[in-house]
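For ligands, and for the atoms within them, numbers begin at 1 and follow the listed sequence. Position 1 is the first residue of the sequence; numbering continues from there. As the structure is a computational prediction, the values presented were derived from the model and not from experiment.
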Amino acid sequence: MTDFVSRSADVPVGTTFPWIADGFALGGDYSPEQWPESVWVEDIALMTEAGVNSLNVGVFSWGLLEIADGVFDWGWLDRIMDLLAEAGIGVNLATPTAAPPMWLMQAHPEIATVNQHGVRNSQGGRLGWYPSSATFRRYALRMVEAIATRYATHPALKLWHVSNELGNENAHSYDDETGRAWQVWLEKKFGTIEALNDAWGSAFWGHHYTAFTQIVPPRYTSTSHNPGLLLDFERFTSDALLDYYLAEREVLRRVTPNIPITTNFMVQNHPNGLDYARWATDVDLVANDHYTMGNDPETYGELAFSADRVRGMSGGDPWLLIEHSTSAVNWQPRNRAKAPGELTRNSLAHIARGADGALFFQWRQSTAGSEQFHSSVVPHAGARTKIFREVTALGKTLQGIREVVGSRVQPSQVAILFDYHSAMALKSGAKPTIDVNSLDVALAMHRELTARGIQVDVVHPSSPLAGYTAVLAPTLFLLAAADAASLSSYVENGGHLVVTSFSGIVTEHNRVIEGGYPGALRDLLGVRVEEFFPLFEGDTVGLAGDITGDGSWTGTIWSELMEVTTASVVARYTSGELAGLPSITLREVGAGTAQYVSTQLDRPSTGALLDLLIDRAGLTPVAPADRGLELVRRVAVTTDTDAAPTTWLFAINHSSGPLALDATGLDLVSGTRFTSGGSVAAGAVAVIREDTV
Ligand code: GLA
């Protein structure tokens with residue numbers, strides 16, 4: 001068995017995850033337990049035909065493996081593991097703890113999550129347990145130890161897939177045991193109850209605590225909870241789930257020290273949040289689940305943003321797309337099927353942005369159960385289908401580009417800052433409007449830069465920024481003092497910073513910084529905001545000034561009354577209650593600039609603002625191309641400093657017409673030479689091994 005190199009260890013350059021698959025990983029969630037064994041034979045034949053080499057197995061199979069308390073039946077799993085090993089297909093074996101067996105739910109209904117109203121979750125779903133449950137943990141870790149021991153030396157075992165989407169259905173529980181764990185967490189964090197009172201400002205409404213035991217989870221009240229309390233409850237929840245993951249990991253590490261361990265993250269435009277930047281240091285490879293939203297006509301923009309976020313979490317190391325869909329999901333209000341070619345574009349867009357594999361949920365479409373109408377690799381209609389043909393073609397494409405495995409995405413000139421704590425702080429407590437959220441502006445800016453062929457990294461505010469020509473801080477509501485200081489030195493050293501409204505407002509404790517907004521960045525930006533003027537649904541404000549030329553820009557959702565101190569006004573509001581007052585500013589600091597945008601610009605205005613940034617900072621596209629062509633470059637990792645490293649240009653055309661691209665090299669997808677003045681056909685993807693100059 002191949003030894004693996006942990007991400008937390010000293011990872012040599014060029015390391016990817018060869019322990020999972022030979023080449024790019026391709027495959028998905030496989031639930032053989034849902035089918036008679038006769039179907040398995042056909043499954044394996046079809047997998048071989050499609051080039052599948054990696055499967056997530058056993059994800060929800062606890063009830064079929066531990067059939068009664070302490071009674072195990074490994075027969076079916078033994079047989080399928082053997083068959084997969086013989087076929088040369090690797091298994092990412094799940095610890096099946098996401099869905100507890102019925103006998104366990106019956107014996108210990110108290111392991112189930114409790115909602116804010118005190119109602120306990122019933123059996124029948126999945127992830128219905130809470131991570132602080134000592135009883136659940138005892139049973140779950142016994143199962144983990146049993147499965148790890150059983151398959152420790154099995155040749156099919158390549159990776160441990162811990163549980164499933166921890167925090168998805170069990171993000172919060174408001175039960176008493178969780179409450180006690182929370183009190184312990186708070187005491188560890190604050191030390192004394194006075195420090196907690198101080199941090200949360202619990203004098204408000206006289207919510208003063210004299211002992212940690214008085215603090216309960218934020219259960220239902222007829223008014224709202226303290227924002228500091230709510231934010232710490234989010235952090236506690238992330239830590240409680242992480243602690244649970246680490247408990248499983250500890251068992252797996254002890255029993256199988258040479259098998260890497262991961263768990264599937266849910267990084268996408270998603271309401272639930274876990275502090276994945278922190279979790280990422282505890283997995284041996286970062287693995288992400290991503291699903292496109294059918295009601296977004298440009299869903300590939302969100303995909304690109306999320307994939308860049310995942311790469312930020314993995315520190316630029318290759319990561320694994322461990323789940324996505326071949327076509328429609330079944331959990332959106334209306335589930336859009338993917339257009340022909342979309343599956344390929346989606347998979348290759350993740351790979352362009354650093355994934356070294358693309359797995360699907362799931363292999364064969366269930367006929368029963370909650371997900372019977374969720375797409376799969378082998379649909380209800382069988383293998384003679386658009387989906388199966390496209391997956392098979394994808395398998396061939398991945399073979400054709402396999403030399404790209406292990407390379408890294410080239411460093412980007414632009415960083416967008418994103419922070420879980422800020423996102424959670426924004427959700428914690430009543431705000432001036434319900435329309436501001438932490439992802440919208442970031443995503444809008446990412447989309448516009450991507451459309452202009454500019455590659456972006458999405459990183460945590462504490463990341464080193466010196467290498468970036470421009471840094472964007474969109475709706476960074478909470479900004480730690482150290483991170484604000486880092487932004488100041490970034491600009492002083494010649495960097496170009498753009499900050500948008502409702503950033504730098506609160507401290508780590510979700511308390512407002514006084515003296516004029518944005519308290520954390522006021523001096524750097526040279527502005528002092530006195531009052532927020534949120535807009536009503538559908539209302540807009542006009543903006544005009546030096547930067548808008550003869551035209552007019554449009555702001556939505558938000559506006560602000562601000563005094564400009566050391567910055568220059570580059571646009572003013574032209575309508576609404578703030579007409580005539582400053583809306584966008586620019587402060588020059590040596591060779592650097594700090595720009596402040598006090599509203600949420602609409603799409604054309606966001607593009608226009610970024611065009612000005614592109615000029616000011618001298619940003620360049622990955623390659624000259626028509627607007628809209630998605631471009632990312634991956635670069636070979638080499639220790640040979642004399643030769644230029646091999647580079648691969650990924651060009652993805654999401655439009656219905658050809659898009660021009662100025663590049664030369666061999667297109668590994670079509671097998672033909674791409675020459676300057678060429679174009680990428682409608683809906684096509686090119687992966688060009690670029691000629692060296
Ligand atoms: C998640 C889960 C899978 C499946 C898919 C459906 O990602 O991990 O088990 O339910 O959603 O889209």
Is there side-chain contact between Leu285 and Ile20, with at least one heavy-atom pair below 4.5 Å?
yes
Glu165 heavy atoms, cut-off 4.0 Å: which ligand 1 atoms fall inside?
1 (C), 2 (C), 7 (O), 8 (O)
Just so I know, are the side chains of Asp29 and Leu359 near enough to count as touching, which here means a heavy-atom distance under 4.5 Å?
no
Got the closest protein heavy atom to atom 6 (C) of ligand 1, with its distance?
His374 NE2, 3.1 Å
Under 4.5 Å between any side-chain heavy atoms of Leu84 and Met47, yes or no?
yes
Side-chain H-bond candidate by donor/acceptor type, Asp239 with Trp185, under 3.5 Å:
yes
Test item, Gln362 contacting ligand 1 (heavy atom, 4.0 angstrom):
no
Considering the heavy atoms of Phe60, write down every atom of ligand 1 situated less than 4.0 Å from one of them.
9 (O)
Ranked by distance from atom 9 (O) of ligand 1, the top protein heavy atom is Arg126 NH1, 3.0 Å
What about His374 and Phe361, are their ring centers closer than 6.0 Å?
yes
Would you call Arg254-Glu145 a salt bridge at under 4.0 Å N-O?
yes
Within the 4.0 Å heavy-atom cut-off, what Met266 brings close to ligand 1 is neither
Protein contact to atom 5 (C) of ligand 1 [nearest heavy atom, distance to 0.1 Å]:
Tyr291 OH, 3.5 Å
heavy-atom search around atom 10 (O) of ligand 1 in the protein gives Glu371 OE2, 2.4 Å
Considering only NZ, NE, NH1 and NH2 on the basic side and carboxylate oxygens on the acidic side, decide whether Arg336 and Glu342 come within less than 4.0 Å.
yes
Would you mind listing which atoms of ligand 1 come within a distance below 4.0 Å of any non-hydrogen atom of Asp289?
7 (O), 8 (O)
Under 4.0 Å, heavy-atom basis, I'd like to know which part of Asn164 is in contact with ligand 1: side chain, backbone, both or neither.
side chain
So which bit of Gln332 gets within less than 4.0 Å of ligand 1, heavy atoms only: side chain, backbone, both or neither?
neither
Nearest heavy atom to atom 11 (O) of ligand 1 wins, so pick from Glu323, Glu169, Gln268.
Glu323
Find the distance between CG (Leu93) and CD1 (Ile147) and round it off to the nearest 0.5 Å.
4.5 Å
